[in-house]
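The structure appears right after this line, and notes come after that.
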Amino acid sequence: MSKELAKTYDPKGIEDRLYKKWMDNGYFHAKVNPDKKPFTIVMPPPNVTGQLHMGHALDETMQDILIRFKRMQGYEALWQPGTDHAAIATEVKVTEKLRKEGIDKNEIGRDEFMKHAWAWKEEYGGKIINQLKKLGASADWERERFTMDEGCSKAVQEVFIRLYEKGYIYKGSRIINWCPVCQTSISDAEVVHEDQDGFFWHINYPIVGEEGRFVEIATTRPETLLGDTAVAVNPEDERYKDLVGKMLKLPLTDREIPVIADEYVDKEFGTGCVKITPAHDPNDFEVGRRHNLEEINILNDDATINSLGGKYAGMDRYEARKAMVEDLKEQGLLVKVVPHSHSVGTHDRCGTTVEPMIKPQWFVKMDEMAKAAIKTLDDGNLQFVPARFDKTYLHWLENIRDWCISRQLWWGHRIPAYYCDECGEMVVGREMPEKCPKCGCTHMHQDEDTLDTWFSSALWPFSTLGWPDKTPELEYFYPTDVLVTGYDIIFFWVIRMVFSALEQTGETPFHHVLIHGLVRDSQGRKMSKSLGNGIDPLEVIDKYGADALRLTLMTGNAPGNDMRFYWERVESSRNFANKIWNASRFIMMNLEGKTVTAPEDLNALCNEDKWILSRLNTVIRDVTENMDKYELGIAVQKVYDFLWDELCDWYIEMAKVRLWKAEENPAAANDALWTLRTALTQGLKLLHPFMPFITEEIYCTLLPEEESIMISDWPVYRDEMDFADAEKAVSSFQEVVRGIRNTRNEMNVPQNRKTNIYIVGKDAECCARFESCKKSFTNLAFAKEIHVQQDKNGIGEDAVSIVVADGVVYLPLEDLIDREKEIERLTKEQERLTKEIARCEGMLNNPNFVNKAPAAKVEAEKEKLEKYKEMKEKVNLQLTQMVK
């Protein structure tokens, strides 16, 4: 081999170079290939405005692991990447940029604003894509898509028109989530519910015609009473049956409202009387529709009270709240104010408290499409990993409301609806009509609203492959195989993809949904800007390398479960990389200049070689099964254990004996080298999906004739490499070595002190197993020589014994220690422990200490006393053995 590994592993020195190699050679690119089976993953499109965070790093690492695994298995593996236009986030950033330049977006108008937005996207957008490349993401960047590119935009328009023509899309006034700062409707997925300290204001509503009689309601939003159109009670509530149908004087207004009966009211909660504000509460809206109540919106778009608010008109919602509470108090209608912590919806972009408001918006009817999404899960066409997320999916679908899809933004897909300037006739179409179909007027204008970002990303699995056109890619790669995503916002998006795909393509968009948890900080807290506990993945990569970060994210990872991030774990991952690197260097140095040939008969190999090959074979089988079940954390742990423990710590040490004596027995050395190279190359392949960079560098240095590990064949289980007897033989000797090491540690035997070892097997078969391996274990057991026999003949009475499953191991005492020095050392230790025991007992027998010292301190002394007594017993036993 002409090429060598550097002395020390330096990720910075290899990662960018290797990624460029992969890109230049087109290894990530997937083609329509009838000779191969396809495997497809669509990347959840990160926001074009986004920056890589730990959640992204985990999500993308898991996808990359799966795609690299399937690519090596021989699939035509497509990882379809792209970014989302992120309507609100992008519009906010562009508007802020313009404001800093002294430009008001409303003054320059929509067309000019869109030019600035596209320019911003070209300059700053897609930064996250380059960051994903630093992570090692092997996505097909040649196929990168954007939710507002020409093809995706065509798909969005086509779906809107098809749903409208089918009667599934309509325009109407319903309750939506309104952000007063961004001044747009937002989806449920963009509303974050957080507990806030507030109050229940108890207010008396006078009963008309019954002086001095009131109905008491409790509300967390007193300002909304300006929009009340009824008070509801439960029809079964005996307390209020006589009130149903009567009128109430609505405080602070000149209006009267009725008392109605509706089962929505929980008679056990609060006063059992609920104010109904149809225009500002989704539940009240449904009650209002059932009872034909008036819908009165009392808020402007900026959350100030509108002209219907009388004296409070123009006030901010919270300013109006204070003024109204004071007025209610003054009029004697404020009964009490009770502190109350409750969940409040806030906009995830700006943190503003969201207002439920009734507004004319575009909606998608969900009833029929929700049924189809439920059926595909029931039929087994869609499977969640882990399966417990079925319940969340079904709960969301069974309680789904019509979907508000319009947004009061400019950046996004504009709704393809056109209005006649003359008569107001509305037409939905692919282009603006030349004239109004109703009155013939030639002046038309397009709807100002854009579509919810989720509307376009719901089409992602098929729009990215060319739909609505019947492309070869759509025919070959769709439906996709697995979607990888987190549980925190997943159902808002997964469900929309499922029902959109079923409606438009007739197929479930992916077979499996692999759910992962959140990456939390070391204290278990969610990473956030407010806590300042976020960790930048790029910082980790810069310090330790992408492989170390990837391994850290997958270690202990279980589908659906949160994980904690510890810097110590990253260091441990880096140490593992160093271990593999150094072991590979050792193997390569021994291979240098040698022609190694494969054995003609694997059965002719020694037990140690057969053992590592058999262990490798088992790991190949198990890891492949784990990967197929998406148990990535379990899979990587098995690869880790094989490479670190079995290959590096055991087999390399066993093989060294034959390598050192290569001149005496070249055939044995050849077998050891072939086995080392085989175990390492196959182990690297198993590790590659998890740690792509280091495995590529080692593999291509070890095998310079190979182009790349990522296009090599995934290892497969081979029956002829199953050596159960060899595993049993080596396992027996491993138990011996562990016992020897423990005994030497307990007796403080120096590492460099070698001993004679006698193994008395419990029968001839056990003796034969020990005999077959003893040469390879001499070094591991710190042995001068290992003697295997069936009886105790020749073994001194003072030998230290170690009982193992297949026999007894004896270590002559004089080999282990200098008897006189050890007696002296143990005597001093005995004296020290006697003093410590006396000290502890003295303190614990002192009432002043026991009664006055902190309980923890007293308990600590009790624990010390027990520990010292145990230690003294061991010392006494050792001394007794010494002076026999």
Side-chain angles (χ1 to χ4, degrees), residues 85 87-88 90-91 94-95 98 103-119 121 146-174 176 178 182-187 297 300-301 357-365 402-459 463 467-469 500 503-504:
H85 62 280
I88 296 175
T90 305
E91 183 139 340
V94 176
T95 302
L98 291 174
I103 302 171
D104 183 332
K105 84 168 193 180
N106 293 307
E107 289 181 6
I108 62 173
R110 183 178 202 132
D111 291 343
E112 194 62 28
F113 174 82
M114 288 297 286
K115 289 178 186 176
H116 283 282
W118 277 107
K121 183 261 178 188
F146 177 55
T147 46
M148 280 176 61
D149 67 26
E150 186 178 347
C152 288
S153 297
K154 178 182 176 182
V156 168
Q157 184 187 70
E158 187 64 28
V159 169
F160 184 95
I161 291 169
R162 288 187 184 188
L163 291 176
Y164 179 79
E165 289 174 347
K166 195 171 180 178
Y168 281 8
I169 283 183
Y170 65 93
K171 191 173 187 179
S173 291
R174 298 182 68 86
I176 49 91
W178 182 261
C182 299
Q183 296 208 10
T184 178
S185 57
I186 59 174
S187 74
N297 183 354
N300 294 312
D301 287 352
M357 286 173 69
I358 193 164
K359 274 183 167 289
Q361 300 284 332
W362 289 89
F363 293 88
V364 178
K365 286 182 183 176
D402 286 357
W403 173 20
C404 174
I405 54 170
S406 48
R407 299 289 178 265
Q408 290 62 54
L409 301 165
W410 287 348
W411 175 249
H413 296 99
R414 197 165 176 182
I415 289 175
Y418 306 91
Y419 304 88
C420 174
D421 293 349
E422 197 66 40
C423 71
E425 177 72 4
M426 183 185 76
V427 179
V428 169
R430 290 168 183 81
E431 296 176 351
M432 183 183 289
E434 293 183 5
K435 61 180 181 178
C436 172
K438 186 175 181 182
C439 71
C441 174
T442 56
H443 294 289
M444 307 280 289
H445 68 275
Q446 189 172 354
D447 197 302
E448 291 294 320
D449 287 356
T450 51
L451 286 162
D452 176 13
T453 302
W454 296 97
F455 191 91
S456 51
S457 58
L459 318 181
S463 67
W467 188 94
D469 297 333
S500 297
E503 178 65 26
Q504 302 305 329

Taking atom types as modelled, find out whether [X] and [Y] have a side-chain donor-acceptor pair closer than 3.5 angstrom.
X      : Y      : result
Gln157 : Glu431 : no
Tyr418 : Asp447 : no
Glu434 : Thr442 : no
His413 : Ser153 : yes
Arg407 : Ser185 : yes

Between the main-chain N or O of [Y] and the side-chain N or O of [X], is there a donor-acceptor pair closer than 3.5 Å?
X      : Y      : result
Arg110 : Glu448 : yes
Glu91  : Trp410 : yes
Ser406 : Asp449 : no
Gln446 : Ile415 : yes

Approximate separation, where rounding is to 0.5 Å, of [X] [atom1] and [Y] [atom2]:
X      : Y      : atom1 : atom2 : result
Ile169 : Phe363 : CD1   : CZ    : 12.0 Å
Ile88  : Thr90  : CD1   : OG1   : 10.0 Å
Trp178 : Ile358 : CH2   : CD1   : 13.5 Å
Thr95  : Asp104 : OG1   : CG    : 9.0 Å
Ser173 : Gln361 : OG    : CD    : 8.5 Å
Cys441 : Glu425 : SG    : CD    : 12.0 Å

Side chain to side chain contact (heavy atoms under 4.5 Å, CB included) partner of Gln408, chosen from Asp301, Thr450, Thr184: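 Single side chain to side chain contact (heavy atoms under 4.5 Å, CB included) partner of Gln408 among Asp301, Thr450, Thr184: Thr184.
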Mind listing the closest non-hydrogen atom pair of [X] and [Y] along with its distance?
X      : Y      : value
Ser500 : Leu459 : CB-CD2, 4.0 Å
Gly429 : Ile161 : C-CD1, 3.6 Å
Val428 : Ala417 : CG2-CB, 4.1 Å
Val156 : Phe455 : O-CE2, 3.8 Å

Pair Lys435-His443, side-chain contact (heavy atoms from CB on, under 4.5 Å): steps then yes or no: CA-CA 7 Å; Lys435 61 180 181 178; His443 294 289; over 6 Å; no
Ring centers of Trp118, Trp411 separated by less than 6.0 Å: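 Close enough - the centres of the two rings lie under 6.0 Å apart.
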Tyr170 and Asp402: CA distance, side-chain angles, deciding distance, side-chain contact (heavy atoms from CB on, under 4.5 Å) verdict: CA-CA 10 Å; Tyr170 65 93; Asp402 286 357; 2.7 Å; yes
Working for side-chain contact (heavy atoms from CB on, under 4.5 Å), residues Tyr164 and Trp362: CA-CA 10 Å; Tyr164 179 79; Trp362 289 89; 4.1 Å; yes
Phe146 six-ring centre to Lys121 NZ/CZ under 6.0 Å and within 45° of normal: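 Flagged: Lys121 positioned over aromatic ring of Phe146.
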Axial cation check for Phe113 ring with Lys105, 6.0 Å and 45° limits: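 Output yes; distance and angle both within limits.
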Salt bridge (charged side-chain N to carboxylate O under 4.0 Å, His left out) assessment of Lys154 paired with Asp469: CA-CA 10 Å; Lys154 178 182 176 182; Asp469 297 333; 3.0 Å; yes
More than 12 heavy atoms of other groups within 6.0 Å of Glu112 CD: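 Yes, the 6.0 Å shell around CD holds more than 12 heavy atoms from other groups.
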Sidechain N-carboxylate O distance under 4.0 Å for Arg430, Glu158: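 Yes, this pair counts.
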Ile108/Ile103 under side-chain contact (heavy atoms from CB on, under 4.5 Å): CA gap, chis, key distance, verdict: CA-CA 8 Å; Ile108 62 173; Ile103 302 171; 3.5 Å; yes
Please examine the side chains of [Y] and [X], heavy atoms only from C-beta on, and report whether any two atoms are closer than 4.5 Å.
X      : Y      : answer
Cys152 : Ser456 : no
Asp421 : Met444 : no
Phe160 : Ile405 : yes
Tyr419 : Val427 : no

Derivation and outcome, salt bridge (charged side-chain N to carboxylate O under 4.0 Å, His left out), residues Glu503 and Lys166: CA-CA 11 Å; Glu503 178 65 26; Lys166 195 171 180 178; 2.7 Å; yes
